[in-house]
Amino acid sequence: DFYRLLAPFTGASICSLLACIVFRRFVEVTNPLIGFVACGIIVAITTPLFLALMPAGRKALVDIKNSMLLLLPHKPKVV
């Protein structure tokens with residue numbers, strides 16, 4: 001089902017967005033570049049954390065890992 005596939009990533013995106021909003025609201029950052037980098041770090045932490053908390057998210061993380069492994073070049077077997 002298409003919606004079951006998207007649900008973990010939608011939840012992780014919403015969680016990351018809320019974390020960035022809370023960060024920008026309560027931490028005063030005067031340099032926009034520092035704020036952008038800090039929000040990127042927050043997203044990089046909260047997204048896998050949220051996915052790891054849900055069973056469907058853990059399955060999605062395993063699928064992402066397997067998909068990334070398919071992108072690696074395969075070495076030919078020498079016989």
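Of all non-hydrogen atoms in Pro8 and Gly57, the two that sit nearest each other are CB-CA, 4.0 Å. In plain terms, the two heavy atoms of Phe23 and Cys39 that are nearest each other are CD2-SG, 4.1 Å. For the residue pair Pro48 and Val43, the shortest heavy atom distance occurs at CD-O, 4.1 Å.
Taken to the nearest 0.5 Å, the NE2 atom of His74 stands 9.0 Å off from the CG atom of Leu69. The CG atom of Leu18 lies 14.0 Å from the CZ atom of Arg25; values are rounded to the nearest 0.5 Å. Note that CE of Met54 is 10.5 Å distant from CG of Leu61, once rounded to the nearest 0.5 Å. To the nearest 0.5 Å, atom CG of residue Asn31 and atom CZ of residue Phe36 are 12.5 Å apart. With rounding to the nearest 0.5 Å, the separation of CZ in Arg24 from CD1 in Ile42 is 9.0 Å.
In this structure, Leu71 and Met68 have side chains that are in contact, with non-hydrogen atoms separated by less than 4.5 Å.
Residue pairs satisfying the side-chain hydrogen bond (donor to acceptor under 3.5 Å, both in side chains) criterion with at least one member in residues 7-22, sequence neighbours excluded, are listed as follows: Ser16-Thr46, Ser16-Thr47.
Side-chain contacts under 4.5 Å among hydrophobic residues (ILVMFWY), followed directly or transitively, place Ile21 together with Leu17.
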TODO: List the steps, then state whether side-chain contact (heavy atoms from CB on, under 4.5 Å) holds for Ile64 with Phe9.
DONE: CA-CA 12 Å; Ile64 290 171; Phe9 297 104; 3.7 Å; yes

